[in-house]
Amino acid sequence: MTPIFPGSVDAAGQRATLGVMGGGQLGRMFVHAAQRLGYFTAVLEPDAQSPAGLVSHHHIQTSYDDPAGLAQLAHLCQAITTEFENVPAQALQTLAETRPVAPSAAVVGIAQNRIEEKAHFAACAELSGVTCAPYAVIETPDQLQAVQNDRPDLLPGILKTARLGYDGKGQIRVKTVAELATAWTELGGVACVLEKMLPLTAECSVLVARGWDGQVVSFAPQRNVHVDGILAVTHAYEGNMPPALADKARDAAVAIAHHLGYVGVLCVEFFVVEDGSEHGGLVVNEMAPRPHNSGHYTLDACDASQFDLQVHAMAGLPLPQPRQHSPAIMLNLLGDVWFDAAGQPQEPAWGSVLSLPGTHLHLYGKTEARAGRKMGHLTITGPDVASVKDVAHRAAGLLNLPGLDAI
């Protein structure tokens with residue numbers, strides 16, 4: 001691919017413009033990164049008040065599969081990406097007929113379907129050195145019966161919809177065959193995967209950026225804490241994981257990106273499980289074909305953020321190896337922070353929080369706070385891990401954030 005340099009103007013007088021499908025907070029942070037480099041930006045998003053649409057040079061307010069909207073986006077932009085994996089893969093394929101699209105529709109399609117995703121992880125296991133949890137596909141009553149008869153080893157397990165599940169949605173824990181049958185009915189009898197529950201000791205993720213030419217750079221693994229299926233805390237500092245386990249996770253994520261022929265920023269999530277070894281074993285959970293909530297600390301703790309690398313990768317620019325200059329802890333801010341214990345609206349204690357050293361507040365421009373809705377994040381950086389943990393603990397207490405015991 002010929003690089004698209006920031007600030008350049010083509011023969012028709014059109015400025016270098018990068019496009020993004022989706023107008024959420026990830027799109028907003030991508031737009032900021034692109035604009036800081038000097039690119040114009042365009043967002044295709046149906047919501048008139050979307051976080052990304054409000055800050056972009058162009059906002060195409062249409063549905064993601066609207067032919068006229070896609071044509072307009074392709075006309076405005078020299079390259080296009082997506083900010084979430086549930087944008088229609090066919091829309092990305094349509095855009096790719098005339099413009100570079102990263103990641104590709106094929107890869108996004110794999111990430112949209114847990115069945116295909118797990119098949120990919122299994123196919124890649126020899127190369128990556130890790131595999132996923134034992135699982136079975138349930139798409140028909142016959143397959144449900146077969147699991148009940150022949151795979152009792154998968155119970156207790158977690159039944160997950162093959163599509164559209166995120167942040168703990170579309171998932172039900174089951175202990176018995178009776179519970180499994182009931183859960184599949186509750187989920188609407190749609191295509192699902194049943195995953196065996198494993199003895200988890202930790203969760204981690206790795207962010208990888210891969211260019212059109214196959215160049216790869218990555219961040220060190222971050223250790224994550226989830227509450228009710230939603231990311232609450234990310235630990236990003238040296239020593240957050242045993243070094244051998246961190247190296248294995250990083251190598252596996254790079255191998256998965258290569259196996260996919262991926263272009264762009266990819267997040268691969270892993271479970272650390274008890275397996276009798278000193279530090280535990282590594283199991284790949286899922287991947288996100290985009291920047292990830294667990295990588296938001298890179299905005300404040302690294303010399304190149306995950307969004308900077310997303311811009312570089314899609315535009316065909318060289319990928320600098322990012323350097324983390326400060327230990328960091330990221331606290332996710334859900335809409336719950338805007339309500340007191342009685343459920344009444346309240347203003348979060350920003351004055352007290354922002355008086356703490358090394359705090360970096362990022363609010364996403366969403367006008368309505370709702371319980372469970374991602375409204376922003378708070379990153380704490382400092383000169384050493386001990387000071388970062390201390391400030392994070394105080395900030396979490398001021399905001400009544402979950403995951404406090406994990407800091």
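FYI, side chains are in, hydrogens and waters are out, and symmetry mates aren't considered; it's all heavy atoms of this structure.
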Item to check | Nearest heavy atoms of Pro402 and Val233, plus distance in Å | outcome: O-CG2, 4.1 Å
Checklist entry - Side chains of Asp275 and Ser277: is there a donor and an acceptor less than 3.5 Å apart? => result yes
Item to check | Any donor-acceptor N/O pair, Gln49 side chain to Leu54 backbone, under 3.5 Å | outcome: no
Item to check | Inter- and intrachain pairs under salt bridge (charged side-chain N to carboxylate O under 4.0 Å, His left out), touching residues 22-50, at least two apart | outcome: Arg36-Asp308
Checklist outcome for this item: Taking every heavy atom of Leu127 against every heavy atom of Ala255, the minimum-distance pair comes out as CD2-O, 3.8 Å
Checklist outcome for this item: Quick note, salt bridge (charged side-chain N to carboxylate O under 4.0 Å, His left out) partners involving residues 317-327, not counting sequence neighbours, are Asp303-Arg323
Item to check | Residue among Arg114, Lys160, Lys118 satisfying salt bridge (charged side-chain N to carboxylate O under 4.0 Å, His left out) with Glu286 | outcome: Arg114
Next on the checklist: Tell me whether Gln215 contacts the main-chain N or O of Leu319 through its side chain, where contact means a donor paired with an acceptor under 3.5 Å.
Outcome noted: yes
Item to check | Contacts of type salt bridge (Lys or Arg N to Asp or Glu O under 4.0 Å), residue Arg151, not counting sequence neighbours | outcome: Asp153
Checklist entry - Within a strict 4.5 Å, meaning less than it, do heavy atoms of the Leu378 and Met330 side chains meet? => result no
Checklist entry - Do Ile4 and Met1 have side-chain heavy atoms sitting under 4.5 Å apart? => result yes
Checklist entry - Tell me, do Asn400 and Val337 make a side-chain contact under 4.5 Å, heavy atoms counted? => result no
Checklist entry - Taking only residues two or more places apart in sequence or in another chain, which ones pass ring pair (Phe, Tyr, Trp, His ring centres under 6.0 Å) with His259? => result His120
Item to check | Residues Gln306, Phe219; criterion side chain to side chain contact (heavy atoms under 4.5 Å, CB included); working and verdict | outcome: CA-CA 9 Å; Gln306 60 174 342; Phe219 294 92; 4.3 Å; yes
Next on the checklist: What's the separation between atom CG in Asp336 and atom CG in Asp228, rounded to the nearest 0.5 Å?
Outcome noted: 9.5 Å
Item to check | Distance-minimising heavy-atom pair for Asn224 and Ser205 | outcome: ND2-OG, 2.9 Å
Checklist outcome for this item: Rounded to the nearest 0.5 angstrom, the CG-CD1 distance for Leu260 and Ile110 is 5.5 Å
Checklist entry - In chain order, what residues pass the ring pair (Phe, Tyr, Trp, His ring centres under 6.0 Å) check against Phe307, with sequence neighbours excluded? => result His296
Checklist outcome for this item: So OG1 of Thr81 and CD of Gln310: to nearest 0.5 Å the spacing works out to 4.5 Å
Next on the checklist: Between Asn332 and Leu231 (side chain of the first, backbone of the second, donor and acceptor by atom type, cut-off under 3.5 Å), is there such a pair?
Outcome noted: yes
Checklist entry - Please walk me through it: do Gln324 and Tyr297 pass side chain to side chain contact (heavy atoms under 4.5 Å, CB included)? => result CA-CA 10 Å; Gln324 185 170 347; Tyr297 75 92; 3.7 Å; yes
Next on the checklist: Quick check: do Met21 and Ile80 have side-chain heavy atoms less than 4.5 Å from each other?
Outcome noted: yes
Checklist entry - Quick check: does any side chain N or O of Ser56 sit under 3.5 Å from a backbone N or O of His59, one acting as donor and the other as acceptor? => result no
Next on the checklist: Distance check, rounded to the nearest 0.5 Å: Ile172 atom CD1 versus Leu187 atom CG?
Outcome noted: 4.0 Å
Checklist entry - How would you list all residue pairs meeting side chain to side chain donor-acceptor pair (under 3.5 Å) that involve residues 99-112, not counting sequence neighbours? => result none
Next on the checklist: So Leu180 and Thr182, do their side chains get closer than 4.5 Å, heavy atoms only?
Outcome noted: no
Checklist entry - Within the side chain of His57, is there an N or O that forms a donor-acceptor pair under 3.5 Å with the backbone of Ala42? => result no
Checklist entry - Which residue pairs pass the salt bridge (charged side-chain N to carboxylate O under 4.0 Å, His left out) test when at least one of the two sits in residues 198-218, sequence neighbours left out? => result none
Item to check | Donor-acceptor contact present, side-chain Gln90 to main-chain Ala105, <3.5 Å | outcome: no
Checklist entry - In terms of side-chain geometry, is the basic nitrogen of Arg173 or Glu179 positioned less than 4.0 Å from the acidic oxygen of its partner? => result no
Checklist entry - Ser294 and Thr234: side-chain donor and acceptor closer than 3.5 Å? => result no
Checklist entry - Between Gln344 and Phe339, is there a donor-acceptor pair closer than 3.5 Å when you use the side chain of the first and the backbone of the second? => result no
Checklist entry - Taking C-beta and beyond as the side chain, do Val193 and Glu195 meet within less than 4.5 Å on heavy atoms? => result yes
Item to check | Gap between atom OG1 of Thr17 and atom NE2 of His75 - 0.5 Å precision | outcome: 10.0 Å
Next on the checklist: For His377 and Tyr364, take the angle between the two ring planes, folded into 0 to 90°, and tell me which bin it lands in: parallel under 30, tilted 30 to 60, perpendicular over 60.
Outcome noted: tilted
Checklist entry - Which heavy atom of Pro322 sits nearest a heavy atom of Ala304, and at what distance? => result CB-O, 3.8 Å
Checklist entry - Is a side-chain N or O of Trp212 found less than 3.5 angstrom from the main chain of Met314, in a donor-acceptor match? => result yes
Checklist entry - Does a donor on one side chain and an acceptor on the other come within less than 3.5 Å for Gln25 and Lys366? => result yes
Next on the checklist: Within this structure, what is the SG-CD1 distance for the pair Cys192 and Ile158, rounded to the nearest 0.5 Å?
Outcome noted: 12.5 Å
Item to check | Partners passing ring pair (Phe, Tyr, Trp, His ring centres under 6.0 Å) against Tyr135 (at least two apart in sequence or in another chain) | outcome: none
Checklist outcome for this item: Residues Phe5 and Ala16: closest non-hydrogen pair is O-CB, 3.6 Å
Checklist entry - For Leu354, what residues pass the side-chain contact (heavy atoms from CB on, under 4.5 Å) criterion, not counting sequence neighbours? => result Trp350, Thr359, Leu361
Item to check | All ring pair (Phe, Tyr, Trp, His ring centres under 6.0 Å) counterparts of Phe271, not counting sequence neighbours | outcome: none
Checklist entry - Donor-acceptor pair, Asn240 side chain versus Pro221 backbone, under 3.5 Å? => result yes
Item to check | Distance-only side-chain donor-acceptor flag, Thr41 / Gln35, under 3.5 Å | outcome: yes
Item to check | Asp300 side chain to Thr381 side chain, donor-acceptor N/O pair below 3.5 angstrom | outcome: no
Next on the checklist: Taking the ring centre of each residue, are Phe30 and Tyr39 less than 6.0 Å apart?
Outcome noted: no
Checklist outcome for this item: So salt bridge (charged side-chain N to carboxylate O under 4.0 Å, His left out) across residues 343-363, not counting sequence neighbours, yields none
Item to check | Shortest non-hydrogen separation from Pro103 to Pro289 and the atoms involved | outcome: CG-O, 3.5 Å
Next on the checklist: Test your reading of the model: is there a side-chain donor-acceptor pair from Tyr64 to the backbone of Leu70, 3.5 Å cut-off?
Outcome noted: no
Checklist entry - Using a distance-only test with no angle check, is there a side-chain donor-acceptor pair under 3.5 angstrom linking Asp384 and Ser387? => result yes
Checklist entry - Just wondering, do Leu26 and Phe84 contact through their side chains at under 4.5 Å, heavy atoms? => result no
Next on the checklist: List the residues meeting side-chain hydrogen bond (donor to acceptor under 3.5 Å, both in side chains) with Arg373, not counting sequence neighbours, and say none if there are none.
Outcome noted: none
